[in-house]
Amino acid sequence: MFACLPRLGDFAGKSTNLLNRFVPVRNLVAHADHLFDELSQRDLSLLNSQLSSHLRCGNPNGTLALFLKMHRASPDLSSHTFTPVLGACALLSSPKTGRQVHALMIKQGAETGTISKTALIDMYSKYGHLVDSVTVFESVEDKDVVSWNSLLSGFLRNGKGKEALGVFAAMYRETIEISEFTLCSVVKTCASLKILQQGKQVHAMVVVTGRDLVVLGTAIISFYSSVGLMSEAMKVYISLNYHTDEVMLNSLISGCIRNRKYKEAFLLMRRQRPNVRVLISSLAGCSDNSDLWIGKQIHCVALRNGFVSDSKLCNGLMDMYGKCGQIVQACTMFSAMPSKSVVSWTSMIGAYAVNGDGVKAIEIFREMCKEGSEVLPNLVTFLVVLSACAHAGLVEEGKECFGMMKERYRLVPGTEHYVCFIDILSKAGDTEEIWRLVGRLMENNNRNLPCAIWVAVLNACSLNMDVSRGEYAAMMLMEGTGPENASIYVLLSNFYAAIGKWDKVEELRGKLKKKGLVKAAGHSLFI
DNA sequence: ATAGGGTTAG
């Protein structure tokens, strides 16, 4: 593979990357600058492989920097130049750069072709710009498995599980030959949607077609873990002869912890050297289960192995202590951290919020946003802050934060943020403002709002005895979900009970019984 | 050009 590259005598290097050592990039570009000419074909392909090699080594900035030099030196670049550049853009934050590169591709006629377009589909989906992803996908003339797979994983990445399954169904209709990449994304989709039946079917397809079982096996193990079937996950692991792949074991161990199979988890941990990744995901399991005792044991494992200087692990520990009610411990860890990321700040805010101290949560949030701060709050941060305000009834602070999110940080609130904000307004008794908000949202969304919004509106109307608006929300909710969803009936009957329309309550309960619908059981941690 | 481990939320 390196045969075509020039041999250089001495590259006593600081660089660990093989390709980096071979190509004297700077000289090449400077040379091209001097000649005021196009790069030769050979030089261009050398530089192109240099672009990909930067990307492979996790240095997208290197790819972009080199690309800019090349762009200055030569007016005519090939599609082999653009694909790694798009990959680099996708890893970096600003969508603006990627769009500029796309524009340049169009200008240079390098935008056609399945491979270039697939790179575009992937980049836009990593930005979260699914509309553009789909537009590019539709413009691909010869769609192959890879372009379909990119669309599919794009939906998955952005939390659109149903749409991802839709893509899979379309692939089936169009008789596309499915690859293991397809199956992998579909299993992950089933895990995120927690749909057991379809996931099992994909598992069957994998078994029947006998694909690469380590990667797919890992995806299947985490699928079974996320639907709570640890015995099935274990069977997959055993059927692969207790494979010692680290990723696979990590997935199985954190699945055990999530599902409270602690004995099995610690037995499995002995099968490999302890690693930071498995401890972090295990801590997340402890957080979810509020299991302080296991969390402390994992803390000990981390101490014994010298992992406690790892900042991601510290975030996990801090979150675990916070979720398990150990606010002092969480706070101590937070103060001791040398470099605090968005995740650290968000976890700390969440720790106060979940322990009922909304005021303190806001205080930390304000400190995070202080002038000259090096971290920026993200969508998750605002969700935590808004839910803290909703729980603590901090109406003014909630309004301020919601405004800040849009104006100062240019973040686009998602459904969850609106739900929290409606909760806050509801606590303030301000159904007028809620109604204005809903009106604006309907205008912007073609009169189509997600169910979660109507649920929040309905709750607000129950709380504030706003009968007419509540009935409107109830109607929209029924339209949106269809008659199969039992929890909607419960929600509606609670609303009618709150406003005193007992005949409606009876009617709904009757319907529920007649259909034989049973509401999925919720559970409380403390009973 | 696409795929496996839920650090923050839900």
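Labels below follow one simple rule: chain letters A, B, ... track the order of the sequence lines, proteins then strands, and each chain is numbered from 1. Atom set for the values below is all heavy atoms of this structure, side chains included, hydrogens, waters and symmetry mates excluded. These numbers come from a predicted model, not from an experiment.
Taking atom CD1 of residue Ile257(A) and atom C1' of nucleotide dG6(B), one finds them 14 Å apart after rounding to whole Å. One atom, CG of Asp122(A), and another, C1' of dA3(B), lie 11 Å apart when rounded to the nearest Å. Atom CZ of Arg258(A) and atom P of dG10(B) are 14 Å apart (whole Å). The nearest whole Å value for the distance from the CG atom in Asn315(A) to the P atom in dA9(B) is 11 Å. Atom CG of Asp288(A) is separated from atom P of dT8(B) by 8 Å (rounded to the nearest Å). One interatomic measurement links the two molecules: CG of Asn158(A) to P of dT2(B), which rounds to 16 Å at whole-angstrom precision. Distance, Ile253(A) CD1 to dT7(B) P: 14 Å, rounded to whole Å. Atom CE of Met318(A) and atom P of dA9(B) are 11 Å apart (whole Å).
Between dA1(B), dA3(B), dG4(B), one nucleotide has an atom nearer to the side chain of Ser153(A) than all others, and that is dA3(B). In this structure, of dG4(B), dT2(B), dG6(B), it is dG4(B) that holds the atom nearest to the side chain of Met248(A). Among the nucleotides dG6(B), dA3(B), dG4(B), the one closest to any side-chain atom of Thr218(A) is dG4(B). Considering only side-chain atoms of Lys194(A), the nucleotide from dG4(B), dA1(B), dG6(B) that sits closest is dG6(B). Picking from dG6(B), dA1(B), dA3(B) the nucleotide with the shortest atom distance to the side chain of Ala119(A) gives dA1(B). When distances run from any side-chain atom of Ser347(A) to the nucleotides dT7(B), dA3(B), dT8(B), the shortest one goes to dT8(B). Distances were taken from every side-chain heavy atom of Val215(A) (C-beta onward) to each of dG4(B), dT7(B), dT2(B); the shortest belongs to dG4(B). The listed nucleotides are dA9(B), dA3(B), dA1(B); the one nearest the side chain of Asp144(A) is dA1(B). Comparing dT7(B), dA1(B), dT2(B) by their closest approach to the side chain of Val343(A) singles out dT7(B). Considering only side-chain atoms of Val146(A), the nucleotide from dG6(B), dA3(B), dT2(B) that sits closest is dT2(B).
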Test side chain to side chain donor-acceptor pair (under 3.5 Å) applied to Asp132(A) and Thr135(A), step by step = CA-CA 5 Å; Asp132(A) 301 288; Thr135(A) 311; 5.2 Å; no

request  = In sequence, state the C-alpha distance, the side-chain angles, and the governing distance for Ser147(A) and Asp144(A), and then conclude on side chain to side chain donor-acceptor pair (under 3.5 Å).
outcome  = CA-CA 6 Å; Ser147(A) 32; Asp144(A) 64 1; 2.9 Å; yes

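Separation of the C1' atoms belonging to dG4(B) and dT8(B) is 22 Å when rounded to the nearest angstrom. Between the P atoms of dT2(B) and dG6(B), the separation comes to 22 Å (whole Å). Nucleotides dT7(B) and dA3(B) are separated by 22 Å at their C1' atoms, to the nearest Å.
Residues that satisfy the side chain to side chain donor-acceptor pair (under 3.5 Å) test with His299(A), not counting sequence neighbours, are Tyr321(A).
If you look at Phe168(A) and Trp148(A), their ring centroids are not closer than 6.0 Å. For His203(A) and Phe223(A), the ring centers sit 6.0 Å or farther from each other.
For the pair Lys117(A) and dA1(B), the criterion of a side-chain N or O lying under 4.0 Å from OP1 or OP2 is not met. Between Lys323(A) and dA9(B), a side-chain N or O to OP1/OP2 separation shorter than 4.0 Å is present.
In this structure, Tyr409(A) places its OH atom where more than 12 heavy-atom neighbours from other residues, nucleotides or ligands lie under 6.0 Å away.
Under the salt bridge (charged side-chain N to carboxylate O under 4.0 Å, His left out) criterion, the residue pairs touching residues 229-258 of chain A are Glu232(A)-Lys235(A), Arg258(A)-Asp288(A), with sequence neighbours excluded.
Contact annotation for Val384(A): backbone-only contact, meaning every heavy-atom pair under 4.0 Å involves sugar-phosphate atoms and none involves a base.
Across all their heavy atoms, Cys401(A) and Val385(A) have their closest contact at SG-CG1, 3.6 Å.
Residues Thr63(A) and Asn59(A) form no side-chain contact, since every pair of their non-hydrogen atoms from C-beta on lies 4.5 Å or further apart.
Across residues 268-282 of chain A, Asn275(A), Arg277(A), Ile280(A), Ser281(A) each have a non-hydrogen atom less than 4.0 Å from an atom of DNA chain B (numbered order).
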